[in-house]
Amino acid sequence: MTVKEVEALSGMPRANIRFYEAEGLLTPARNANGYRDYSQEDVAVLQRIRLLRLLDLPIEDIKGLQSGALALTDALACRLDALEREEAQATRAQTVCRAMQSDRADYATLDAGRYLLQLERPPLPAAVAAQPAPPLPAPPEEDTVPRVTAPWRRYIARFFDLSLYRTLWWCVLALGFRVNMVQREAGALDTVISLLLMLALEPLMLHFFGATPGKWLLGLGVTDEEGRKLSYRAALERTWQVLWRGYGLYIPVYCWYRLWQSYRDCQDGDALDWEWNSQLTLRESRTPLRVTGLLASLGLMVGAMVLSWHLAAMPRYTGDLTVAQFAANFNQMADYYGYEALDRLDEDGRWVESSGHEDGVILEGLLDAPPQPEFIYTVEDGVLTGVSFTYTVEGGGAQRMPPERTVAALAFVGAQKSDPLNREELDGLVDFLEGSPFASFTDTVWGVEVSAQADWDGYLGEGSWNDMTVLWPDEGEEQRLSVSFSMTVT
């Protein structure tokens with residue numbers, strides 16, 4: 001029979017039945033599907049336990065009775081002695097209370113010694129009128145498995161899980177879609193995707209493992225009322241209720257209200273909205289080790305994000321390159337670092353016609369777009385060993401350095417090393433190219449000699465405008481700017 005049928009036959013709540021099972025006083029059989037199958041003998045055992053507990057026999061005495069280590073007559077004799085002592089004490093207390101009431105005793109003038117003597121005298125027998133027997137109460141509340149509350153432990157476990165889902169999403173963006181996560185700002189989409197991942201993954205984990213990573217690290221588990229892992233449907237319903245009733249779907253303001261209300265309910269020991277078909281278990285052992293594991297796991301998540309971001313910033317092709325591979329790297333780096341208006345290269349390393357450098361003219365007549373340099377490729381035995389370009393500008397207004405050389409350096413120099421975490425030299429080169437665009441220099445980075453030259457006449461010098469370094473023309477002078485840039489494998 002089911003637990004509901006046993007509740008009706010034994011007059012005992014389910015919580016008490018589970019407690020006595022946990023104490024080893026009841027061991028029901030299991031069906032093939034793992035559910036408990038109670039017998040009539042189990043009902044009889046529960047009725048015996050209920051009777052003895054209503055007589056206030058301790059649990060340990062009932063265990064002794066079941067094991068045969070204690071005889072019922074001996075247990076009852078001990079209990080009768082205790083009851084007689086309690087009854088005598090209660091009778092004496094009643095007699096003294098009546099005497100004090102009859103004497104109209106006042107606290108300020110109370111003769112405590114007189115009444116203490118009366119408490120020590122044996123009571124006189126008194127006839128007690130027969131009263132209808134009240135209905136038998138349920139077993140005491142302490143005979144129940146306490147509900148797991150642990151609100152902060154649960155919140156931290158949930159925070160860990162949500163952080164894990166967001167980390168997975170960010171790694172997918174970085175590695176799968178090559179999104180620059182350093183420049184990208186987190187938004188509502190990240191929250192939505194994280195919640196969808198929670199709705200997709202958490203029911204599976206609860207169904208197969210009975211816990212999520214955060215819960216497992218902190219010693220929490222989830223089972224159904226039979227102590228078994230949740231079915232997928234039950235786990236899905238639970239997760240949805242957590243999102244809706246626990247987090248309010250992250251709707252502003254309402255989210256904080258739901259978190260606070262759930263915390264209050266948990267503190268009061270009430271069942272939360274998503275626990276109607278499940279129960280939470282807690283293993284409190286090895287707490288320091290669990291906290292250490294949680295912190296270490298958070299560190300691993302951060303490390304995974306950093307590694308994925310560095311991998312995403314690497315060119316697709318590394319080592320010896322062909323012209324086509326360099327072009328692919330160039331296009332990838334232009335997309336990754338947000339050079340949206342920059343033209344792209346075809347497989348031959350030539351510019352694909354587009355709308356041109358519209359980003360070059362920031363304000364009408366103030367800043368001229370630099371010419372689009374044609375790359376010159378040096379190939380030896382099919383391997384690209386050098387990339388260079390030169391151009392000359394005569395006349396015109398203020399000039400800026402074209403962004404092609406920065407992207408080319410990322411695509412060519414960045415391909416010479418496959419260590420994503422050791423980018424200091426390359427990042428330094430890029431910072432110098434961006435910060436000192438008209439400086440002449442020669443340097444070797446990752447086995448590539450990088451050389452840049454800029455010669456000009458008719459300009460006042462470098463200046464800053466709209467977050468860019470530009471050459472300001474000297475009015476009345478004829479301007480001439482010559483730029484060369486080369487990268488050669490040494």
Side-chain angles (χ1 to χ4, degrees), residues 14 18 33-35 145 147-173 186-283 290 293-294 297-298 300-301 304-305:
R14 184 175 309 191
R18 293 285 185 264
N33 59 10
Y35 286 94
V145 178
R147 179 181 297 277
V148 174
T149 55
W152 284 108
R153 187 184 293 239
R154 298 170 70 169
Y155 180 80
I156 293 172
R158 178 67 59 193
F159 169 79
F160 179 89
D161 290 334
L162 288 172
S163 299
L164 178 60
Y165 303 140
R166 180 161 293 199
T167 299
L168 289 174
W169 166 237
W170 283 349
C171 288
V172 168
L173 284 178
L189 177 63
D190 298 283
T191 300
V192 171
I193 296 297
S194 298
L195 296 183
L196 289 176
L197 284 173
M198 173 182 169
L199 194 60
L201 299 178
E202 184 163 307
L204 293 173
M205 291 186 286
L206 292 178
H207 174 61
F208 288 108
F209 306 110
T212 61
K215 286 182 173 60
W216 178 78
L217 285 169
L218 292 178
L220 296 168
V222 178
T223 65
D224 63 12
E225 294 180 342
E226 297 290 331
R228 302 171 66 247
K229 295 183 179 67
L230 297 181
S231 67
Y232 175 76
R233 180 175 180 178
L236 181 61
E237 291 176 354
R238 184 184 194 278
T239 302
W240 168 251
Q241 288 298 324
V242 169
L243 287 176
W244 171 234
R245 301 295 295 170
Y247 280 88
L249 295 180
Y250 274 86
I251 298 173
V253 181
Y254 182 65
C255 168
W256 292 106
Y257 166 74
R258 288 308 315 162
L259 284 171
W260 170 248
Q261 189 62 48
S262 299
Y263 172 77
R264 291 287 301 274
D265 291 342
C266 194
Q267 280 285 74
D268 295 340
D270 298 334
L272 301 178
D273 294 324
W274 52 88
E275 294 181 326
W276 64 273
N277 65 345
S278 63
Q279 59 184 357
L280 198 67
T281 61
L282 173 61
R283 300 184 302 276
R290 296 185 187 281
L294 183 74
S297 299
L298 287 171
L300 287 175
M301 280 197 292
M305 284 192 294

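Only this structure's heavy atoms are used, side chains among them; waters, hydrogens and symmetry mates stay out. One is the number of the first residue; the rest follow in order along the sequence.
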Distance-only criterion, 3.5 Å: show the donor-acceptor pairs between side-chain atoms of residues 232-240 and protein atoms not counting sequence neighbours.
residue: Arg233; atom: NE; partner: Glu237; partner atom: OE2; Å: 3.4
residue: Arg238; atom: NE; partner: Ser278; partner atom: OG; Å: 3.2
residue: Thr239; atom: OG1; partner: Ala235; partner atom: O; Å: 2.9

Can you sort out the partners of [X] under salt bridge (charged side-chain N to carboxylate O under 4.0 Å, His left out), two or more places apart, ordered by chain and number?
X: Arg158; result: Glu202
X: Arg153; result: none
X: Arg283; result: none

Which residues pass the side chain to side chain donor-acceptor pair (under 3.5 Å) test with [X], not counting sequence neighbours?
X: Arg290; answer: none
X: Asp224; answer: none
X: Ser231; answer: none
X: Trp216; answer: none

Quick one: pull up [atom1] in [X] and [atom2] in [Y] and give me the separation to the nearest 0.5 Å.
X: Leu189; Y: Leu196; atom1: CG; atom2: CG; result: 9.5 Å
X: Leu199; Y: Ser194; atom1: CG; atom2: OG; result: 12.5 Å
X: Met198; Y: Thr212; atom1: CE; atom2: OG1; result: 8.5 Å
X: Lys215; Y: Met205; atom1: NZ; atom2: CE; result: 9.0 Å
X: Trp169; Y: Leu197; atom1: CH2; atom2: CG; result: 8.0 Å

Could you tell me if the side chain of [Y] sits less than 4.5 Å from the side chain of [X], heavy atoms only?
X: Arg166; Y: Thr191; result: yes
X: Leu201; Y: Leu164; result: no
X: Tyr155; Y: Leu259; result: yes
X: Thr281; Y: Leu220; result: no
X: Tyr247; Y: Leu162; result: yes

Thr149/Arg154 under side chain to side chain donor-acceptor pair (under 3.5 Å): CA gap, chis, key distance, verdict: CA-CA 8 Å; Thr149 55; Arg154 298 170 70 169; over 6 Å; no
Lys/Arg-Asp/Glu bridge criterion (N-O < 4.0 Å) met for Asp265, Arg245: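 Arg245 and Asp265: not salt-bridged.
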So, using side chain to side chain contact (heavy atoms under 4.5 Å, CB included) as the criterion, who are the partners of [X] when residues are at least two apart?
X: Tyr263; result: Pro151, Trp152, Trp260, Gln267
X: Ala188; result: none
X: Ala271; result: Arg147, Glu275

Scan the side chains in residues 249-256 for donor-acceptor partners under 3.5 Å anywhere in the protein, sequence neighbours excluded, and list what turns up.
none

So, for [X] and [Y], which heavy atoms are closest and what is the spacing to 0.1 Å?
X: Phe209; Y: Lys229; result: C-CE, 3.7 Å
X: Leu272; Y: Cys266; result: CD2-N, 3.9 Å
X: Cys171; Y: Ala304; result: SG-O, 4.0 Å
X: Leu282; Y: Ala150; result: CD2-CB, 4.4 Å

Test log, rule side chain to side chain donor-acceptor pair (under 3.5 Å), inputs Trp170 and Asp190: CA-CA 8 Å; Trp170 283 349; Asp190 298 283; 2.8 Å; yes
